[in-house]
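Lettering follows sequence order; numbering is per chain, from 1.
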Amino acid sequence: MPLPVQNSTATDAVLFGHDPTPRLVALHPLRQGNGADQALMRVYQRGESDGGLAVEDVPYYPFLFLTDLQALRGFPRQRFRCQTLQGRHAYRYLVVFDTWSAYHDAVRHLQAQEDARLYRIANPTQQYLMQSGRTLFKDMAFDDLHRMQLDIEVVSKPGTFPHAQRPEDRIVIIALSDNRGWHEIIDARGLSEKEMLEQLVRTIRERDPDIIEGHNIYAFDLAYITARCARHGVVFAVGRDGSAPRTFGAAMRFAERSVDLPAVDIAGRHVIDTYLQVMAFDVFKRDLPGYGLKAAARYFRLQADDRTYVKGEEIAQTWHREPERLIEYAHHDVVETERLARLLSGSAFYLTRMVPMPYGQVARTGPAAKIEALMVRAYLRQKHALPSGSGGGGRHMRGGYVNIFATGVVGPIIYADVESLYPSIMLNYDVHPETDDLGLFQVLLQRLTDLRLDAKQRMQAATRRADASALDAQQSSYKILINSFYGQLGFSVALFNDFAAADRVARIGQEIIRQVMGAIRAGGGRVVEVDTDGVLFVPPASVEGEEAERAFVDVINQQIPPGIHLGYDGRFRRMLSYKVKNYALLTYDGRVQCKGSSLVSRAMEPFGRRFVLEAIGLLLAEDVQGLHDLYVATRARLLRHEWSVEDFARTETLKENEAQYLADVTAKRRSRAAAYELAIARERETGQAVRKGEQIAYYVTGSGAHVTAFDNARLASAWNPAQPDENTDYYLRRLDECARKFAVFFHADDFARVFSLDDLFGFTPHGRELQTNWRAAESRTDASIPV
DNA sequence: AGCTGTGGCAGGGAGG
DNA sequence: CCTCCCTGCCAC
């Protein structure tokens, strides 16, 4: 599946650097060790003809940015060289060290001083790339890379989770595959665990992959293998220079969620964790059933043919009774991992061509770090000083304008949104950080926008599906970066932040969306809901059909500032408007799209979620009898325990680690919570550690509708259908809480009848009409405010 | 060393 | 009971 040729602008100095080195596979800094104390970068390149690797050692220099050279007084001058940078900013000196020991000594020297906060230690690998302008994977296609997948199966004590520190737990299968159709299984039938690990090292070195991929490979497979190698005295020497991996703590954020990782750096290779890629994908889609390999593979329809499934708790007995079955299971795991990686890695791969970071790092850092890397590289090339960033901790900034003007069922509906609102504002109103002396913020934003447009146009013109999907990966990776420019302005630790500029973008955004609302109302439309850059509204009765609706939006578009474009983004038969950011839309082909945490939250018990979704469908159809029947039937099933634990267990994500949680509880900063208490209890009993970011499914037991959940909760896996012990009163209350959401759509007495059991006279839907309530617009939304 | 933001809703626990 | 505060989830 060859990919299209490189971008026409790939020679752009700011975006891509200047180094013409082709086909660079990986870089790795050589740190202290083997007695040698040199500052060397080992560069791994693809050979010209035979496809083999060329390795070269390039001298480079670890360095620090300093605000004030005086901070280094007392440090031997002959151990460093200093470059003064131009400009007025904080980091005015680039201090380059000849050896690693000098670099580390200088760090210690500075840390011993009071003003240690004034310096910043740069990522040496990244800085090398910045200095040279080298860009990884230039001119390479994704399929040129040799990607290997790895998965291990561990047999542990019955009823416990694999634990690398327990001697009796052991690896019984190591499954490997690659994107060239090769696969291999190393298993414990003829080999000891130590021999298996040695075989693994040999195989990786012989196959010599550029990339090692796995699902949850950081937190599980590599961490486990590393610990077992240490136990057996095996050196896990899988680096291209024969070195063992370097591990370090890292954190990755996915919107509001944060995951701690034991990150791994293998010399000359890149580690890709598809678990993180799946989580990143879900930030935008938010409809994945789970982040595990099997759930994700099914979601993307990538399952292996005749997929073998083995439950976690059955791995041990399956290994003893049917080893072939467990081997097939592990093989299917690596096959699915390869497919997931192929599907989800595209955007990181294309960004690596542009951003001065190795591929593995691109895949595990957020967009703000990438933008900053581009800025810093360009500033260093021009020998210009860097700003220090303005901290700004705790400052509260303005956000988007949000409001709702009707509740109930309304229609027809047009959705119009301002395309790329914040990037458009920054480009059209020349918003940039006050500290950006070289004006690169605007240059980067404009060029990325042009690149994305170009990629999108070529995607639409592409005739082959493979080309189109590659171009889609490119344009979406540019989009992520483009949208992060605004976030960069308001990010407290970014070097090029500027809170006043961020505030100006948000303020202009609010004015523009108010202008849009004013124009819609002036044209006879009725605005139902507005959120940041989009408006849902009922067009005037004279506007009928899609063509007329598009024309109506075009007219609105004439009335907003030039350079800002209002797009026609959808039409709907009806809308159920509940609360701000909470609504449902009925499409013209009968589908229901439901939005908002109070309607579709994954924190809700699945039975309640299903009840709410079905009820919304009935409300949109104005089927009051159906609503009543649904309520009665759901209640009856609940009372008869006609369900499984998946229907009523609540799933929560742990956002803190165990120590942090316990510290917060002790300090009364937070209350006890069932999910954490259960995870901690599980750790005591089975040894499965509490991990930040993991999901816990539990249900409520005990009696009485109002019980303290953390004292009356059990893990979902402990529920026994033969002896159902869920708290029926509690779940009845939960059902009624779900039903109460719909009170606003009825008169009070009608609501009470619809969502209750039949009385002596039975239930009739007649006369129980849905209620729609419009509220007055704010006066100031109609005003046209110049921006 | 590695880290994008604000606005808004629901639910649970603690304490009056 | 109620309110306040915190966390988690979601829209954009």
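- Rounded to whole angstrom, the span from the CG atom of A:D533 across to the P atom of B:dG7 amounts to 15 Å.
- A:K370 contributes no side-chain N or O that, together with a main-chain N or O of A:L481, makes up a donor-acceptor pair within less than 3.5 Å.
- Atom-to-atom, CZ of A:R364 to P of B:dT4 comes out at 13 Å; the value is rounded to the nearest Å.
- Whole-Å rounding puts the A:R398 CZ to B:dG8 P distance at 13 Å.
- Between A:Y698 and A:F648, the distance from one ring center to the other does not fall under 6.0 angstrom.
- Looking at A:R609 and A:E605, no side-chain N of the basic residue comes within less than 4.0 Å of a carboxylate O on the acidic one, giving no salt bridge.
- Using a 4.0 Å heavy-atom cutoff across all strands shown, A:Y730 reaches sugar-phosphate atoms only and no base atom.
- Atom CG in A:L495 sits about 14 Å away from atom C1' in B:dT4, given to the nearest Å.
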Counting only pairs under 3.5 Å, give me each side-chain donor-acceptor contact of residues 358-369 of chain A, with atom names and distances, residues two or more places apart or in other chains.
| from | atom 1 | to | atom 2 | distance (Å) |
| --- | --- | --- | --- | --- |
| A:Q361 | NE2 | A:Q126 | OE1 | 3.3 |
| A:T365 | OG1 | A:Q361 | O | 3.0 |

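- Closest approach to the A:R246 side chain among B:dA1, B:dG12, B:dC3 is made by B:dA1 (side chain taken as heavy atoms from C-beta onward).
- In terms of polar N and O atoms assigned as donor or acceptor, the side chain of A:T532 never comes within less than 3.5 Å of the base of B:dG7 in a complementary pairing.
- Side-chain proximity of A:V402 to B:dG11, B:dG8, B:dG5: nearest is B:dG8.
- Across B:dG8, B:dT4, C:dC6, the shortest atom-to-atom separation from the side chain of A:R670 is found for C:dC6.
- To the nearest angstrom, P of C:dA11 lies 13 Å from CE of A:M575.
- In this model, the phosphate group of C:dA11 is not approached by any side-chain N or O of A:K579 to a distance below 4.0 Å at OP1 or OP2.
- Residue A:E652 is classed as a sugar-phosphate contact, given heavy-atom separations below 4.0 Å to backbone atoms only.
- Closest approach to the A:S598 side chain among B:dA10, B:dG12, C:dC12 is made by B:dA10 (side chain taken as heavy atoms from C-beta onward).
- In this structure, of B:dG7, B:dG11, C:dC10, it is B:dG7 that holds the atom nearest to the side chain of A:K581.
- Residues A:F441 and A:F496 place their aromatic rings such that the two centres sit no closer than 6.0 Å.
- Nearest to the side-chain atoms of A:T365 among the listed nucleotides B:dC9, B:dC3, C:dC12 stands B:dC3.
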Close N/O contacts between protein and nucleotides 13-16 of chain B (under 3.5 Å):
| from | atom 1 | to | atom 2 | distance (Å) |
| --- | --- | --- | --- | --- |
| B:dG13 | OP1 | A:A709 | N | 2.9 |
| B:dG13 | OP1 | A:F710 | N | 3.2 |
| B:dG13 | OP2 | A:A709 | N | 3.4 |

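- With B:dA10, B:dC9, B:dG12 as the candidates, the nucleotide lying closest to the side chain of A:Y578 is B:dA10.
- With distances taken from any side-chain atom of A:Y583 to the nucleotides C:dC6, C:dC10, C:dA11, the minimum falls on C:dA11.
- The side-chain heavy atoms of A:F63 and A:V95, taken from C-beta on, include no pair separated by under 4.5 Å.
- Here the two rings, on A:Y578 and A:Y583, have centers that are 6.0 Å apart or farther.
- Aromatic rings of A:F611 and A:F607 (six-membered ring for Trp) have centroids beyond the 6.0 Å cut-off, not under it.
- Taking only side-chain atoms of A:P367, from C-beta outward, the nucleotide of C:dG8, C:dC10, B:dT4 with the closest atom is B:dT4.
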